[in-house]
Structure formats: C-alpha cells, structure tokens
Amino acid sequence: MSTETSAASTAPAGDPKPHLLKNWLSLCGLVVLTGSIFSACLLFTLDAMAHFANPYLGILTYLVAPGFAVIGLGMTVVGVLLRRRKVNKNASRIPVVHIDFTRPRDRRMLTFFILGGLVFLLLSAVGSYQTYHYTESVQFCGQACHTVMKPELVTYQHGPHARVACTECHIGKGATWFVRSKLSGTYQLYAVTCNKYQRPVPTPIKNLRPAQETCEECHWPKKFVGNLERTYNYYMGDETNSPFTISLLMKVGGGDPTHGPVGGIHWHMNVGKRIEYMAADDTRQKIPWIRVVDSQGVVTEYRSKGFTNAVNPTAIRNMDCMDCHNRPAHKYQSPEDAVNLAMSLGHIDCSLPWIKTNAVYSLTKDYKGETEAMEGIATYLANKYPNEPRIRAAIDSVQQIYKDNFFPEMRASWKNYPDNIGHKNWPGCFRCHDGNHIASDGKATIKANDCNACHVILAQGVGAELAKMTPAGQTFKHLGGDYDSNCTDCHTGGP
Ligand code: HEC
Ligand code: HEC
Ligand code: HEC
Ligand code: HEC
Ligand code: HEC
Ligand code: HEC
C-alpha cells in the first residue's frame, strides 16, 4: 500500500489503474491468494523433506491450496471490476482512497491489515502442518473414506503389519513416487466424491512400487530363513466334523550365497538373478511365460505348452516379494480356513454335528449388507440347532468371522482377492509350477505333484498317526480321494 499523493487525485479518468486494487474485496482476495501460495509452498517443502511421502497430501497441495488461490484471485478481480464500474460511472468524480499515515485511523487500518495478514499466514502454516500429519496417518488412509477402505483397513488390523503405516508399503521414499502418488491420491479423491470407484477395489495394483523400495526397507532379502514349520488343522464336511492335521516343513531357504545355501522358496529373491514373467490376465493368475537370468547372465525361458505367441516387452514384470506375498497386510480368510481356525481354537464347538458345513454355508449366502448378514447367520444356525445352548458361542464366532472377512458394500471377500502364497484355494505357486512350463532344453519347472519339493510333509492325520514325524517326508494322504488335477479344480475356499 503506498501513500497517495494529491497528484493522483488529478489523474486522468481514462487511467484509473492506481486505484482499482484499492478496495477491501480485492485486498482480502490478495491476502487469501498470498496465504494459499504460502501454504502450498510450505506443504510442498514439508512433504519433500519428509521421510515418507503420502498421496493424499496432493489433495491439499494441488487441489485445496490452488482452490483457495483461485478464490483469492477471483475476489481480487471481482473487486477490481466492481471498482472499475464505479469509476467509469462516476468518471467525473473518481473517489480517491486517501491514505495518510499522519491520520490515526489510517495507521490503525494498516496495523490491522498487517496483523490480520500475519495471523492468517500463521494459521495457514499451522493448519497445513496439522493437516499434513493427519493425511499421513493410518486413520486418514483407512477411515477418511470409510466404506471404500473398510475392507483394507479391517484386514490390515488383523495382519502381521498392523503397526506398519499404509504409506510405508504403498508409497515409500523418494521424489518420483511422491509425485505419482500425489496424482493418484488426487484422482482417488475425485473417484470417491463422484462415486466413480470400483467395487471391489481392483487388485493387483497397477504400478505399485517395486518391493525393493518398500518391503525391503524392513526385510533384508539376503537373510537366510532356512526351514519353517507350519501346521494346518482341518475339519471335514461330515457329520462328526472329522479332524485332519498336516504339518509341513516349508523349505524357505534363501537367495544369497554369503548367508546360507542358495535354494528353496526364497531362491526367487532377486539377489544376483532376475526372474521375469508375463501374465495373460489382469489378475496375474495365468502365467504362460517366464524368463530367468542368472548371475552369469545365462538366460532360460520357460513357456507353457501351447503358448507360442510373441512376448510383449511392456507386459513383462520383474518377480518380487509381492508375487507370492501379495496379501501381507490384507488377507481375506476363506470361509473354510476361517471356520477351521475357529473350530481348532474351540470358539466353535466341534461336537455339534455338521457344524463345519453349516457354518461355512451360513457365511457364503448372498447378503446385501452386514446387518442382514448378522441376522441371516444367527437365524440360519439357530434354526439348525434348536434347544442347543452351545450354538450361541458358535453364532458369535461365525458373525465375527463375517465382520472380519466379508464386506458386501464393497463386494470384497476372499473370492475377489487371490492369495498367491500357496496353491490350495488359488493357483498361487502352481501358476508357474504346474510341470507344464518347459524351457527350450526340455527342462520343466518343479512339477505340482512333486509334493516334497517346496515343503516336506512331516506328519499328517490325527492322534498317534500325527505323532509320527518323518523328516524325509511322507506321501500325502488326501481325504478327498484320488485326484489328478490342480487343487483349485475342487478347492475354492468355500462350499
Ligand atoms: C505390509 C505392507 C502393506 C501395508 C502396511 C498396507 N498395505 Fe495395502 N496392500 C499391500 C499389498 C502388497 C497389496 C496388494 C498389491 C498387489 O497385489 O498389487 C495391497 C493392496 C491394497 C489395496 C488394493 C486392494 C487389494 O486389497 O489388493 C488397497 C486399497 C490398500 N492396499 C490400502 C491400504 C490401506 C488403506 C492401508 C493402511 C490401513 C494399507 N493398504 C496398508 C501392502 C500393504
Ligand atoms: C516398516 C517395516 C515393514 C515393511 C515396509 C514391511 N514389513 Fe513385513 N514385517 C515387518 C515386521 C516388523 C514383521 C513382524 C511382525 C511380527 O511378527 O510381529 C513383518 C512380518 C512379515 C512377514 C511374516 C508374516 C507372518 O505371518 O509371520 C512377511 C511374509 C512380510 N512381513 C512380508 C512383507 C512384504 C511382502 C512387504 C512389502 C509389501 C513388507 N513385509 C513390508 C515390517 C515391515
Ligand atoms: C516364490 C515366492 C516367494 C517370494 C518371491 C518371496 N517369498 Fe517370502 N516366503 C514365501 C513362502 C512360501 C514362505 C513360507 C511361509 C509361508 O508359507 O507363509 C515365506 C516366508 C517369508 C517370511 C517369514 C519368515 C519367518 O521367519 O517367519 C518373510 C518375512 C518373507 N517371506 C519375506 C519375503 C520378502 C521380503 C520377499 C521379497 C524380497 C519375499 N519374502 C519373497 C514365498 C516367497
Ligand atoms: C513367476 C513364476 C513363478 C512363481 C509364481 C513361483 N515360482 Fe518357483 N520357480 C520359478 C522358476 C522359473 C524356477 C526355476 C526352475 C525350477 O527349478 O522349477 C523356480 C524354482 C523354484 C524352486 C527351486 C529353487 C532351487 O532350489 O533351485 C522352489 C523350491 C520354488 N520355485 C518354489 C516356489 C513356491 C513355493 C512358489 C509359490 C509361493 C513359487 N515357487 C512360485 C518360477 C516361479
Ligand atoms: C511349488 C512349490 C509347492 C509344491 C510343488 C507343492 N506345494 Fe503345497 N504348499 C506350498 C506352499 C508355499 C504352501 C504354503 C501356503 C501358506 O503359506 O499357507 C503350501 C501349502 C500346502 C498345504 C496347506 C494348504 C492350505 O492352505 O491349507 C497342503 C495341504 C499342501 N501344500 C499340500 C501339497 C501337496 C499334496 C502337494 C503335491 C501334490 C504340494 N503341496 C506341492 C508349495 C508347494
Ligand atoms: C477332484 C477334486 C479334488 C482335488 C483335485 C483336490 N482335492 Fe482335496 N479334497 C477334495 C474333497 C472332496 C475333500 C473332502 C472335503 C471335505 O470333506 O470337506 C478334500 C479334502 C482335502 C483336505 C482336507 C480338508 C479340507 O477340506 O481342506 C486337504 C488338506 C486337501 N483336500 C488338500 C488338497 C490339495 C493340497 C490338493 C492339490 C494338491 C487337493 N486337495 C486336490 C477334493 C479334491
């Protein structure tokens, strides 16, 4: 603001420029404009300096702050226009804003204006900083868009990474992913507000940051894991819910020669070698082509029988942790698995006849929403077991399973989210290890029916039979009888 000289009052009417900005609307507009530019710069610097960037800050930096800037600019322009109209109308008598610092009123106005401006800037700084922290939190990612992210949030809270922030896996560090995530975060806001999002949220995430820059910030790929024991408890779908247990020694191994023998399941780690593949479908459930480039640069290409197409180089993906561990944080238990677990823990009484079948069935009926499901499960099971007090606890447990793993509003459940770690309910390892992928020298990948190649069946069955451990591995006793096809042809995780 400059002091007006009396000369200005005699300026020709055709050149009213010096006065046009001098109206309160334009001045406020300018303050808002400066404030928002200042906020945007601050947010941008904050985010650039932060350890982990986050996508939703983009909403503030690129939408809200510029939005305010536009409003500020608009106010300024409207102020100028209004003023010009007035000036033109009264061309003969231009009202002059006469600012004279010897007048106490003008001094007060100026002090008020400067102080007001400073407070506004301070508030936008504090506000930006607070909002910045909020958008980075799990609370924001998971709860701000409650319905949309509910399935991911709930499953995450039950997973082994419940204390790892969403942003550590989904964004990671660095500038390029920072900008990419900003743009996608901004798009997501649009999708949510305009109800344009897909149900269920599609998986896999296209262009998810490679595991080297997220998972491997915490998990060291050179670690030699060795063998891990895993026990699975099953209950058959018969009247007595016959139990069956299998104990597997997983040959996880490692991929780095300096920390243990290279081999086993973690042989696939990209330590000194590269495994690439091409998927034939969007969900990456069909893999007809694989290429292994070892540390000496020797290339081996595997093709599934009948696949003679040329390989599109842009469709090639580097295999990483997430091609097996694709559900480290959002695991939707299948009804079979969840009920087996609840029965083995005693939450559902195994002596209730047919309870396995009935519980699984009550979970997989088509419910419109969670409330309907809660009622449906309770009525179905209560009717099946009248005058049976033990069914109360079973109903509670089945309802809890539903709440934790089924999200009808988002159409999210185990059905839509393949788990690639095993091979029973989803193709998983057998996408490549079906014995059907052949290299040019005739060598095939590990065959699916080589049951002791990836794990050893240490023990199986019930009671005394289960107590017999066989370190060299047993032949699988399949209670479903003979089979000569992939597990997924019969097992889907549901009834
Ligand atoms: C331990 C790492 C990790 C954490 C922590 C994590 N996610 Fe994920 N998330 C993943 C992986 C891996 C995928 C599947 C990626 C794929 O297959 O493309 C995924 C997938 C998703 C998807 C796509 C739908 C799906 O299930 O495949 C959404 C949405 C999502 N996560 C949101 C979140 C939110 C919200 C949080 C925090 C509450 C979070 N994630 C925390 C690793 C993580
Ligand atoms: C910020 C650190 C961090 C990041 C990033 C992270 N993890 Fe983890 N992860 C952990 C911790 C800590 C545990 C151990 C949890 C426990 O056992 O209490 C763990 C456990 C695991 C386990 C063992 C789970 C189990 O059931 O015992 C797997 C598998 C795993 N992480 C895979 C991944 C994958 C895949 C990613 C990338 C998508 C990832 N992690 C990203 C910290 C992390
Ligand atoms: C070929 C598939 C595959 C790939 C690729 C893979 N893993 Fe694993 N990983 C497994 C299997 C199978 C297990 C055994 C545990 C199980 O079955 O849940 C396992 C076990 C683990 C465990 C648990 C170890 C423990 O002590 O409990 C961690 C952690 C882990 N993997 C992290 C990773 C990380 C990080 C990467 C990427 C650098 C990776 N894995 C790549 C298949 C894989
Ligand atoms: C993208 C394709 C692909 C997927 C998916 C895949 N593998 Fe492999 N795997 C290969 C290739 C190629 C080889 C090398 C040829 C061979 O030995 O079969 C291999 C080798 C192996 C080996 C032998 C490593 C050694 O000691 O030389 C084991 C064990 C193995 N895979 C287990 C698994 C398990 C378990 C899974 C699922 C969690 C899995 N693989 C998923 C492609 C894949
Ligand atoms: C390419 C490696 C590989 C081969 C070959 C393989 N498995 Fe597995 N299997 C796995 C992995 C990895 C898991 C662990 C999944 C998990 O983490 O829950 C598994 C899990 C299992 C389970 C428990 C599944 C569940 O989710 O309840 C059974 C049972 C099993 N395997 C049986 C077999 C039998 C029988 C064969 C031979 C016909 C076989 N496997 C061949 C890798 C393999
Ligand atoms: C031809 C169909 C078929 C194929 C293929 C098949 N199964 Fe089964 N399986 C069954 C039937 C039927 C049962 C009995 C289910 C019941 O009573 O609940 C069964 C039971 C089982 C059980 C015990 C309980 C349960 O319900 O989970 C396991 C574990 C199992 N199968 C694993 C496998 C594995 C691993 C493969 C692949 C290597 C496989 N099955 C392939 C039909 C099949």
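Each ligand, and each atom within it, is numbered from 1 in the order the structure gives.
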Task: Nitrogen or oxygen atoms of H455 and ligand 5 under 3.5 Å apart - done: yes
Open item on the list: Could you work out, for atom 26 (O) of ligand 4, the closest of G253, G264, P261 by heavy-atom distance?
Closed with: G264
Task: Contact partition for V292 relative to ligand 4, non-hydrogen atoms under 4.0 Å - done: side chain
- [ ] Assess H491: does it contribute an N, O or S atom lying under 2.8 Å from atom 8 (Fe) of ligand 6?
- [x] yes
Open item on the list: Is it the case that ligand 4 has an N or O less than 3.5 angstrom from some N or O of H433?
Closed with: yes
Task: Closest to atom 13 (C) of ligand 4 (judged by heavy-atom distance), picking from Y302, F430, W267 - done: W267
Task: Ring-ring centroid check F406 Y367, cutoff 6.0 Å - done: no
Open item on the list: Check this for me, if you would: do K150 and E370 make a salt bridge, where the nitrogen-to-carboxylate-oxygen distance has to be below 4.0 angstrom?
Closed with: yes
TODO: Would you check if there is a donor-acceptor pair between the side chains of E229 and S247 at a distance under 3.5 Å?
DONE: yes
TODO: Using 2.8 Å as a strict upper limit, say whether an N, O or S atom of H423 approaches atom 8 (Fe) of ligand 5 that closely.
DONE: yes
Task: Atom indices of ligand 5, in the order listed, that fall short of 4.0 Å to a heavy atom of D450 - done: 5 (C)
Open item on the list: Is it the case that the side chains of Y385 and N358 hold a donor-acceptor pair, with the cut-off being a distance below 3.5 Å and no angle test?
Closed with: yes
TODO: Indicate the atoms forming the closest heavy-atom contact of I275 with I290, along with that distance.
DONE: CG2-CG2, 4.1 Å
TODO: Measure from atom 8 (Fe) of ligand 5 to each N, O or S atom of C429 and report whether any distance is below 2.8 Å.
DONE: no
TODO: Would you mind checking which non-hydrogen protein atom is closest to atom 11 (C) of ligand 5, with the distance to 0.1 Å?
DONE: M250 CE, 3.5 Å
TODO: State whether H478 contributes an N/O/S atom found under 2.8 Å from atom 8 (Fe) of ligand 6.
DONE: yes
Open item on the list: What I want to know is whether G237 and ligand 6 share at least one N or O pair that is separated by under 3.5 angstrom.
Closed with: yes
Task: For R431, atoms of ligand 4 separated by under 4.0 Å from a heavy atom - done: 5 (C)
Task: Test item, W426 contacting ligand 5 (heavy atom, 4.0 angstrom) - done: no
Open item on the list: When you measure from the heavy atoms of A453 to every atom of ligand 5, does any distance fall below 4.0 Å?
Closed with: no
Open item on the list: So for ligand 5, is Y232 a polar contact partner (N or O within less than 3.5 Å, distance only)?
Closed with: yes
Open item on the list: Suppose we only count N/O/S atoms under 2.8 Å; would C454 qualify as near atom 8 (Fe) of ligand 4?
Closed with: no
- [ ] Considering the heavy atoms of N486, write down every atom of ligand 6 situated less than 4.0 Å from one of them.
- [x] 5 (C)
- [ ] Report, in ascending order of atom number, the atoms of ligand 5 lying under 4.0 Å from any heavy atom of Y483.
- [x] 35 (C), 38 (C)
Task: Region of L248 that comes within reach of ligand 5 [heavy atoms, distance under 4.0 Å] - done: side chain
Open item on the list: Counting non-hydrogen protein atoms only, what is the nearest one to atom 37 (C) of ligand 5? Give residue, atom name and distance.
Closed with: C451 SG, 1.9 Å
- [ ] If the plane angle is over 60° it's perpendicular, under 30° parallel, otherwise tilted; pick one for Y332 and Y417.
- [x] parallel
Open item on the list: Using 30° and 60° as the class boundaries, would you call the ring planes of F476 and Y483 parallel, tilted or perpendicular?
Closed with: perpendicular
- [ ] Say whether G428, considering both its backbone and side-chain N or O atoms, lies within less than 3.5 Å of an N or O atom on ligand 4.
- [x] no
- [ ] Check whether the side chains of N486 and T488 place a donor and an acceptor atom closer than 3.5 Å, and report yes or no.
- [x] no
- [ ] Before signing off on this row, confirm whether Y234 and ligand 5 have an N or O atom pair separated by under 3.5 Å.
- [x] yes
Task: D323 near ligand 4 by a heavy-atom separation under 4.0 Å - done: no
- [ ] Check F244 against ligand 5 and report side chain, backbone, both or neither, counting heavy atoms closer than 4.0 Å.
- [x] neither
Open item on the list: Just by distance, no angles: are the side chains of N420 and Q285 close enough, under 3.5 Å, to form a donor-acceptor pair?
Closed with: yes
Open item on the list: So, 4.0 Å and heavy atoms of R230: is ligand 5 close enough to count as a contact?
Closed with: no
- [ ] For atom 35 (C) of ligand 5, grab the closest protein heavy atom and report residue, atom and distance to one decimal in Å.
- [x] F476 CD2, 3.1 Å
Open item on the list: Suppose I only count heavy atoms of K424 and a 4.0 Å limit; which atoms of ligand 5 are within that range?
Closed with: 24 (C), 25 (C), 27 (O)
Open item on the list: What I want to know is whether Y277 and ligand 4 share at least one N or O pair that is separated by under 3.5 angstrom.
Closed with: no
